[in-house]
Amino acid sequence: MTRSLRLTLAVATAAVAALALSACATGSSSNSDGTVTDGKLTIATGQPAYSPWVEDNKPQSGKGFESAVAYAVAKEMGYAKSDVVWKRSTFDSAIAPGPKDWDLNVQQFSIDAKRKKAVDMSSAYYTTTQAVVTTEKSKAVDHTTIAQLKGDAIGVATGSTSIQSVKSVLGVTPQVFNSNDDAVLALKSGQIDAIVTDLPTAFYMAAAQLDDGTVSAQFPADGKGDQFGFVLPKGSKLTSKVDTALAALEKDGTLQDLQTEWLSSKTNTPVLK
């Protein structure tokens with residue numbers, strides 16, 4: 001073997017080793033089933049993860065809507081609860097191109113075509129509804145029917161789908177503000193009695209933007225809201241399996257039951273009638 005040939009082989013071997021190490025470091029999967037860890041399903045969520053999506057920032061408990069859905073999907077795919085491993089990730093890193101050190105990521109990702117260019121997205125496990133945000137001091141706090149809300153001053157953000165929802169469901173014209181933040185200020189000052197926005201935003205407003213905020217009711221589902229799906233690495237072998245699992249959970253009523261339990265019953269957020 002010539003010196004130049006030995007040098008070429010050495011360089012090639014080093015390159016292969018470097019690629020292998022890189023794959024391990026970034027979490028690329030070499031398992032035949034497409035998982036990052038053989039026999040385990042690694043699921044990521046945010047840090048921290050908030051109620052009602054994850055209760056007490058403990059996704060491993062199975063409590064909270066997205067935690068419960070994740071375990072239901074895992075079970076449908078053939079994984080026991082003990083086979084589910086949780087990791088944390090930021091929202092932005094999850095939807096960025098490149099290898100991942102998890103199999104699924106769940107933290108209220110809206111399904112859209114732009115994201116699908118960088119990652120895989122499952123079919124929907126939840127379609128957002130509109131909800132009513134108010135304060136404990138507002139006269140609207142106990143108004144959980146359409147008839148009661150008709151007499152309240154309702155605020156919405158400009159350009160939102162909430163405007164049409166208020167008009168069509170409540171039959172009134174809302175006060176339109178430049179942003180959700182402006183609507184929150186109006187609610188705090190008593191200019192309006194309640195805000196209508198999508199349910200995830202409503203929970204955020206009540207918990208983070210209002211000292212005595214509450215999500216008092218939600219609109220009936222109309223199928224027109226944002227759809228939430230799991231994020232998976234681009235080209236994942238698991239994407240079709242997750243879709244199959246979600247279809248089964250939709251068909252047998254599990255997804256609706258979990259939605260009712262975690263996004264309505266446990267949060268005291270009834271559907272308007």
Side-chain angles (χ1 to χ4, degrees), residues 46 48-54 64-66 91 106-112 115 124-229 259-260 262-273:
Y50 295 102
S51 175
W53 315 106
V54 174
F65 179 63
E66 289 188 331
F91 189 98
V106 57
Q107 42 183 316
Q108 303 110 66
F109 295 106
S110 296
I111 300 170
D112 69 45
R115 288 176 180 168
Y125 59 83
Y126 173 63
T127 301
T128 61
T129 60
Q130 298 292 308
V132 181
V133 185
T134 188
T135 65
E136 297 293 343
K137 298 175 182 178
S138 171
K139 72 171 189 175
V141 68
D142 295 321
H143 293 180
T144 57
T145 68
I146 292 172
Q148 289 172 320
L149 285 168
K150 281 180 179 290
D152 295 328
I154 305 296
V156 296
T158 186
S160 68
T161 56
S162 305
I163 299 173
Q164 185 56 43
S165 295
V166 171
K167 289 181 178 179
S168 61
V169 176
L170 300 184
V172 298
T173 300
Q175 295 184 40
V176 180
F177 295 88
N178 289 331
S179 66
N180 280 326
D181 289 342
D182 287 346
V184 168
L185 290 174
L187 179 57
K188 286 180 177 179
S189 67
Q191 182 180 343
I192 56 175
D193 301 312
I195 299 168
V196 170
T197 185
D198 64 87
L199 188 65
T201 302
F203 281 125
Y204 173 77
M205 282 182 178
Q209 294 184 287
L210 295 164
D211 294 334
D212 58 347
T214 182
V215 183
S216 58
Q218 56 186 302
F219 284 38
D222 60 10
K224 297 179 181 179
D226 286 346
Q227 293 186 316
F228 290 173
Q259 183 177 324
T260 300
W262 292 107
L263 301 183
S264 181
S265 297
K266 290 187 181 297
T267 57
N268 296 315
T269 312
V271 176
L272 288 172
K273 293 180 180 179

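Numbering starts at 1 and runs along the sequence shown. All values below come from the heavy atoms of this structure, side chains included, with hydrogens, waters and symmetry mates left out.
Looking at heavy atoms from C-beta onward, Ser216 lies out of side-chain contact with Val141 at the 4.5 angstrom threshold. No side-chain heavy atom of Phe65 sits under 4.5 Å from any side-chain heavy atom of Phe228. Counting heavy atoms from C-beta on, the side chains of Ser264 and Gln259 never come closer than 4.5 Å. With a 4.5 Å cut-off on side-chain heavy atoms, Phe219 and Val132 count as touching.
Residues Tyr125 and Glu66 have side chains that bring a donor and an acceptor to within less than 3.5 angstrom of each other. Between the side chains of Gln218 and Thr129, at least one donor-acceptor pair of N or O atoms lies under 3.5 Å.
For Phe177, the CZ atom sits in a packed shell: over 12 heavy atoms of surrounding residues, nucleotides or ligands are nearer than 6.0 Å.
In this structure, Ser162 and Val156 approach most closely via the heavy-atom pair CB-CG1, 3.9 Å. Closest heavy-atom contact between Leu272 and Pro220: O-CG, 3.7 Å. Contact between Asp193 and Ala140 at its shortest, heavy atoms only, is O-CB, 3.7 Å. The shortest non-hydrogen separation linking Ala153 to Gln191 is CB-O, 4.3 Å. The two atoms that bring Phe91 and Gln107 nearest to each other are CE1-O, 3.5 Å, heavy atoms only. Nearest heavy-atom pair, Leu187 versus Ala194, reported as atom, atom and distance to 0.1 Å: CD1-N, 3.8 Å.
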Problem - Derivation and outcome, side chain to side chain contact (heavy atoms under 4.5 Å, CB included), residues Val172 and Val166 - result: CA-CA 6 Å; Val172 298; Val166 171; 3.7 Å; yes
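The backbone N or O of Leu199 sits nowhere less than 3.5 Å from a side-chain atom of Thr128 that would complete a donor-acceptor pair. Between the side chain of Thr269 and the backbone N or O of Thr267 there is at least one donor-acceptor pair closer than 3.5 Å.
Applying the side-chain hydrogen bond (donor to acceptor under 3.5 Å, both in side chains) rule to pairs touching residues 133-150 yields Thr134-Ser138, His143-Asp152, Thr145-Gln148, sequence neighbours excluded.
Lys266 contributes atom NZ, which lies 10.5 Å from atom OG of Ser51 (distance to the nearest 0.5 angstrom). Rounding to the nearest 0.5 angstrom, the gap separating the OG1 atom in Thr158 from the CD1 atom in Ile163 is 5.0 Å.
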Would you tabulate the side-chain donor-acceptor contacts of residues 200-213 under 3.5 Å, counting partners in other chains and residues two or more places apart, or write 'none'?
{"from": "Thr201", "atom 1": "OG1", "to": "Asp198", "atom 2": "OD1", "distance (Å)": "3.0"}
{"from": "Thr201", "atom 1": "OG1", "to": "Asp198", "atom 2": "OD2", "distance (Å)": "2.9"}
{"from": "Gln209", "atom 1": "NE2", "to": "Asp181", "atom 2": "OD1", "distance (Å)": "2.9"}

